[in-house]
2 protein chains.
Amino acid sequence: MAQDLFANTDLPPEFKAIIGVFALYNQIECELDNVNISPPLTKMEKRVLVFLDKPKRMGVLAEDTLCVPSAVTPVADALEVRGIVSRTRDPSDRRAWLLELTPEGVAARNHIMTEVVSRFRKFSGMSADEIPTFANLAIKAMPGAVEAGLMED
Amino acid sequence: MAQDLFANTDLPPEFKAIIGVFALYNQIECELDNVNISPPLTKMEKRVLVFLDKPKRMGVLAEDTLCVPSAVTPVADALEVRGIVSRTRDPSDRRAWLLELTPEGVAARNHIMTEVVSRFRKFSGMSADEIPTFANLAIKAMPGAVEAGLMED
DNA sequence: ATGGATGTTTCACTCAGTGAAGTAATTGGG
DNA sequence: CCCAATTACTTCACTGAGTGAAACATCCAT
C-alpha cells in the first residue's frame, strides 16, 4: 500500500506528507486510546487534558482542540464532576470560565503525557535527532485561527 | 496558545510533534472540506478516492484509510452509483471486490489531488526543500498494520 | 470433505462534532 | 451615561463517521 503508493516516483512530496500525517495522526489517536486512567476518559476529555498545561478559558481550549465551544462544555462538566479540573470565573471577564487542573488532574495529565510522549518515540520510527526536526516543520503549519489564541493575553 | 505552549522549554519535542500533527491533520481535513466536485462527496468518499490510485480491493482501501471494512461498503456503493468507480469481482479471489476509477472518477480524483497538493504547499508554511524532509520523516511512522497492505500481491 | 479463515455486507449503535438559538456580560461609540 | 453590537458560554437537536457483531459466500489446508 503505502510503499506501493510511494514507489510511484511521480507522486508529489506533498502527497507523501499528507499520507504520513494521516498515518501519524491515526497512530497518535490509537496510542491515546490505549492510555487511560480509571475510570476511562473519553477522547475529547483526554484531548482537553493534553492542552490544559495551565489555567485556560474554555473558549481557548476549544480553539486549541480545534472544535466549537459547545463541544467543550460537556467535557468541562465531566472533568469537573470527576474532580480533575476546577472551573472558576475569569476575574478579568465574568462571561468566561477558567479551567484549571486539580492535583488529581495534574497526576492524570502527567500519566497520559508521559505515556504518549514515550510511545511517540517508539512508533514514529524517528531518531532522537529527527523528532525535533519533524516537530519544527510540523508546527510551521499552525493555522492562523489557532494562533489567534495568542490574543487572549 | 501554540506558541504560548511552546515557549515552555521543558516541553519535549515529541509533544511539539504531536500538536503539530494535530494541527496539520486538521488543516488537511479543512482543505479537503473545501475541495469538492458537484454534487459533493462526503469526507469518506473523498478519502477513498485519494487512496484509489489504482484498482484495489475494498479491504485494502479499508486498511489504507484506517477504518473497518464495513465503513467502506456504503462508500463504494455511493461512488458506484455516482459512476465514479466500477466494482468487479477480483478474479483471483471471488470473495473480494475490486474498485477501479471510471474516467469520470479519474477526473474527480485529479481535481481533488491537484487542489489539495497545491494547497498543502501554501498552508504548511514549509519551503520546497522542507516538504520532502518532512514527508520522509512522516512516513517513517507508517504503522505495520498499514504496511500489511503490501501483502496483497 | 470439512473446519477454519477470509472478504464483504447488514444493521444497530455510539460518539464526536456541528449549528442555531438563548442568556449573561462586556465593549465602544454617540 | 446609554444602548446596540459583540463576546463567552450553554442547551439541544441533529448528523456523519465510525464500530462491532452476526451472517453469508468463498477460499485454503489438512
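Below, chains carry the letters A, B, ... as their sequence lines are ordered, and counting in each starts from 1.
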* Asked: So what does B:A71 hit on the nucleic acid, given a heavy-atom distance under 4.0 Å: a base, only sugar-phosphate, or nothing?
  -> base

* Asked: Taking the side chain of B:R95 as heavy atoms from C-beta outward, which of C:dT9, C:dT6, C:dT18 is closest to it?
  -> C:dT6

* Asked: Do the rings of A:F22 and B:F51 sit parallel, tilted or perpendicular, given the 30° and 60° boundaries?
  -> tilted

* To do: Give a yes/no on whether any side-chain N or O of B:R57 is located under 4.0 angstrom from OP1 or OP2 of C:dG7.
  => yes

* Polar side-chain atom of B:R82 near backbone of B:P39 as donor-acceptor pair, under 3.5 Å -> yes

* To do: Quickly work out the A:L61 CG to C:dG17 P distance and round it to whole Å.
  => 14 Å

* Structure fact -> B:N26 CG to C:dT18 C1', in whole Å, measures 14 Å

* Quick one: the side chain of A:S70 and the base of C:dG19, do they pair up donor-acceptor inside 3.5 Å? -> yes

* Could you tell me whether the side chain of A:I37 reaches within less than 4.5 Å of the side chain of A:I84, counting heavy atoms only? => yes

* Charged tip of A:R89 within 45° of A:W97 ring normal and under 6.0 Å -> yes

* Is any side-chain heavy atom of A:K140 closer than 4.5 Å to a side-chain heavy atom of A:N136? -> no

* Within a strict 4.5 Å, meaning less than it, do heavy atoms of the A:E14 and B:R119 side chains meet? -> no

* Pairing annotation in dot-bracket form, given for DNA chain C with Watson-Crick or G-U pairs under 3.5 Å and | for cross-strand partners -> ||||||||||||||||||||||||||||||

* How long is the line joining CD of B:E63 and C1' of C:dT6, in whole Å? -> 12 Å

* Please give, in whole Å, the distance from C:dT14 P to A:D33 CG? -> 18 Å

* To do: Starting from the 5' end of DNA chain C, give me the residue, B:V72 or A:R89, whose nearest nucleotide shows up first.
  => B:V72

* Structure fact -> With a 4.0 Å cut-off (strictly under) to non-hydrogen atoms of chain B, the first and last hit nts on DNA chain D, 5' to 3', are D:dA17 to D:dC27

* Among all residues two or more places apart in sequence or in another chain, which pass the side chain to side chain donor-acceptor pair (under 3.5 Å) test with A:S38? -> none

* Could you say whether A:D93 or A:D77 is positioned toward the 5' end of DNA chain D, judged by the nucleotide with the nearest heavy atom to each? => A:D93

* Evaluate the criterion salt bridge (Lys or Arg N to Asp or Glu O under 4.0 Å) for residue pair B:R87 and B:E100; output intermediate values, then yes/no. => CA-CA 7 Å; B:R87 192 197 254 176; B:E100 177 170 10; over 6 Å; no

* So, do B:Y25 and A:I28 sit near enough that their side-chain heavy atoms are less than 4.5 Å apart? -> no

